[in-house]
Structure formats: C-alpha cells, structure tokens
Amino acid sequence: MKKILAIYGSPRRQGNTTLLLNHAVQGALDTGAQVEKIVLRDLQMSPCLEIYGCKETGRCVIQDDFQEVYDQLLACRGVMLASPIFFYTVSAHTKILMDRCQSLWVKKYSIDKIPYGQWKPERKGLFISVGATRGKRLFEGTLLTLKYFFDILDAELWKALLYRELDFEGDVLKHQEYLQEAYEAGKDFALALRAEY
Ligand SMILES: Cc1cc2nc3c(=O)[nH]c(=O)nc-3n(C[C@H](O)[C@H](O)[C@H](O)COP(=O)(O)O)c2cc1C
C-alpha cells in the first residue's frame, strides 16, 4: 500500500487550501490509496530551537507532536502539502513543520553525508497553494522554500497547483474547475505512486 500523507497548513478549518486538499485526498482515496491526514493547527509543535539536539541521531530532541509527524514523513511515499501564501511564503504552521525537519537535513547531509544533488527520490510531492492577489511573482518565494523542504524529504515535486485571487474562506467554491483539478491531481498522484514504487 502506497501511503500518502496529506498535510493541511492553513489555520482556517474550511479555508481554500483545505477545500482543495480535501478534493485531492478524495481523488487519491478513489483509487484505493491509503491517506493519512495531518492538520497542523491541531498539533502542539514548537518552532525549531536551533539547539542541534539532532546532530548525533538526526532525530529532533524536542518532545512534542512533531515526533509522530517525523515518523509519518519517513513512512510515506507521497506527500500532499497545502498552504496559503502568507507574506509571500508558506503559513507559520507550515514553516514550523519545515524548520523542525532541519533534523532530517542533519541526518541526510551531516550524518549520512549524502553528496548534494545525488540523492534518489524516495517519495513524490503534490503542493497546493493559494493567494489573494494576482502578482506574477506570488508563488516564487514559496516554491523556493518548498524546493529545499522537499529536498530533505527526498521528495520530487510531482505537481504544484497554484491559484491566485482567492481570499475569503470558501472563495474557491466559486471555482469548481479548481476543485475538479485538485481531485484529478490527487487521483493521478496516487496512480503515479502506484506505478513507480
Ligand atoms: C497573515 C496573512 C498574510 C497574507 N499574505 C498574503 C500575501 O503575501 N499575498 C497574497 O496574495 N495573499 C496573502 N494573504 C491572503 C491569503 O493567502 C488568502 O486569504 C488565502 O485564500 C488563504 O488561504 P486559506 O483559506 O487556505 O487559509 C495573507 C493572509 C494572511 C492572514
């Protein structure tokens, strides 16, 4: 079974990225995939304290809900991550998760000494994001952050669904075509995982 982790990064419970990710999850489930959901706003997760307690083992020493997420990240083959754009990057909830994964950076590059760029993809990633404005560069910062986050997860970015001009909770419901696209992407994502791993 190719397990997919669906990570909800918005502080809103029924926000635009949540609705889109729900559709992607449904698409994956409809292929028979196994999906685990993580709603970041429901977790107790400290930001990275930069104490490098992870330097011996590659495991973070802060005892909070990240410990379980760490295991889930390593166990999955697909990551679906959804975050709104906040100040041209991901939400604070999402960024806290990313920063805690510095422990995986330590494991990969400092402990296991993998030469940069020479890793084998172990998982695939589907990224979903929305912003309120329509600037050409709206997703640039986020995509750069995501690139390095996926790098430490040994994940290749399979697809990014990026939508502009969605602001209020539920705005995406006026765009059934976006929700349909997310559903199809979730389905194709699960099928791509099945074909590859
Ligand atoms: C703290 C904060 C910062 C934001 N920064 C941006 C921004 O830089 N650019 C933008 O287009 N929208 C920005 N927005 C708007 C959100 O991206 C937008 O409301 C989005 O639809 C929220 O997605 P969600 O419903 O999934 O949480 C910001 C909203 C908040 C609350």
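We count ligands from 1, going down the list as the structure has it; atoms in each ligand are counted the same way. Values in this document were obtained by computation on a predicted structure and should not be read as measured data.
Put simply, the side chain of Asp154 never gets that close to the backbone of Pro121: no donor and acceptor are under 3.5 Å apart. With Arg194 contributing its side chain and Thr31 its backbone, the two residues share a donor-acceptor pair below 3.5 Å. With Gln67 contributing its side chain and Cys60 its backbone, the two residues share a donor-acceptor pair below 3.5 Å.
For Lys136, there are no side chain to side chain donor-acceptor pair (under 3.5 Å) partners, not counting sequence neighbours. Partners of Arg12 by salt bridge (Lys or Arg N to Asp or Glu O under 4.0 Å), not counting sequence neighbours: none found.
Every pair passing ring-ring contact (aromatic ring centres under 6.0 Å, His included) that includes a residue from residues 57-81 is listed here, sequence neighbours excluded: Phe66-Tyr70.
For a heavy-atom separation below 4.0 Å, the residues in contact with ligand 1 are Ser10, Arg12, Gly15, Asn16, Thr17, Pro84, Ile85, Phe86, Phe87, Tyr88, Val130, Gly131, Ala132, Thr133, Leu138, Leu166, Asp167.
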